[in-house]
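I have placed the structure first, in the form of structure tokens, so that the comments after it can refer back to it.
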Amino acid sequence: AQSVTQLDSQVPVFEEAPVELRCNYSSSVSVYLFWYVQYPNQGLQLLLKYLSGSTLVKGINGFEAEFNKSQTSFHLRKPSVHISDTAEYFCAVSEQGSYIPTFGRGTSLIVHP
Amino acid sequence: EAQVTQNPRYLITVTGKKLTVTCSQNMNHEYMSWYRQDPGLGLRQIYYSMNVEVTDKGDVPEGYKVSRKEKRNFPLILESPSPNQTSLYFCASMRTGPGVEQYFGPGTRLTVT
């Protein structure tokens, strides 16, 4: 069975600094990987996803993530964050052949001025 | 506009008083799901449905019921709510297929006193 670990529950950072949110997964088969963002008082929306091909995936709002199969990781990065990036970020995985996703516990990104 | 709607958005009720949270999607998606979100626990799946009249338990189904009589609707029923069901609830839908992302509703904040 698949599982997802988000290593940091909270990441504080100053505006315009770079940020990395970490995600590791466990699965015995090939996977699809997702990052979702939840802004305050809203539902989740897709930030980016990895299906196959290039391991570097670009998403909305300047975010990108890199799939590393050997380390079973899918870390999310942004070179310069804004106050508006303050939100909860969820990593999710679904196995090829079964599209039901498993979510991580979420990482709260807090951007300080 | 493609969307998932939930009603009500906020609900305060008392222990034991039956309630229903409605969920509707206008994207003709086969798959629908209910999650609860609690601090430090992330998103946990309650029930899901692969199609009309097909439902299955998620990770935390105790105390909840669902039905899928129509493709667009997937109500969540709490027949005898208890305080430990105080939570933020999300409905989601997606078309079935590999690497497909979910679309989430805006959430329902439920308080059971």
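Convention: sequence-line order gives letters A, B, ...; per-chain numbering from 1.
- Hydrophobic clustering of Ile, Leu, Val, Met, Phe, Trp and Tyr side chains at less than 4.5 Å, counting indirect connections, keeps A/Leu7 apart from B/Leu43.
- For A/Gln45, no part sits under 4.5 Å from any heavy atom of chain B, backbone or side chain.
- The two residues B/Gly42 and A/Phe90 come nearest to each other via the heavy atoms CA-CE2, 4.0 Å.
- In the hydrophobic clustering of ILVMFWY residues, with side-chain heavy atoms under 4.5 Å counting as a link, A/Val81 and A/Leu48 come out together.
- A continuous path of hydrophobic side-chain contacts links A/Tyr89 to A/Val4 [ILVMFWY only; heavy atoms under 4.5 Å].
- Proximity to chain B is limited to the side chain of A/Leu46, based on heavy atoms less than 4.5 angstrom apart.
- For a residue to count as touching a neighbouring chain, one of its non-hydrogen atoms must lie under 4.5 Å from one of that chain's; by this rule A/Tyr50 does not touch chain B.
- The shortest side-chain heavy-atom distance between B/Met50 and A/Ile100 falls under the 4.5 Å cut-off.
- Contact residues of residues 62-71 of chain B toward chain A are absent (heavy-atom distance under 4.5 Å).
- Only the backbone of A/Gln42 comes within contact range of chain B, with at least one heavy atom under 4.5 Å from a heavy atom of that chain.
- Contact of B/Arg9 with chain A is made through the side chain alone, with heavy-atom distances under 4.5 Å.
- With respect to chain B, the highest number of heavy-atom pairs below 4.5 Å among A/Ser108, A/Gly106, A/Ser94, A/Pro101 belongs to A/Pro101.
- Looking only at atom types and distance, the side chain of B/Gln37 has a donor-acceptor partner in the side chain of A/Gln38 under 3.5 Å away.
- Linking ILVMFWY residues whenever their side-chain heavy atoms come closer than 4.5 Å, directly or via other members, leaves A/Leu44 and A/Phe63 in distinct clusters.
- Contacts of residues 89-106 of chain B with chain A at a heavy-atom distance below 4.5 Å involve B/Phe90, B/Met94, B/Thr96, B/Gly97, B/Pro98, B/Gly99, B/Val100, B/Glu101, B/Gln102, B/Phe104, B/Gly105, B/Pro106, listed in sequence order.
- B/Trp34 and B/Met32 fall within the same hydrophobic cluster, where Ile, Leu, Val, Met, Phe, Trp and Tyr residues are linked whenever their side-chain heavy atoms come under 4.5 Å apart, directly or through other members.
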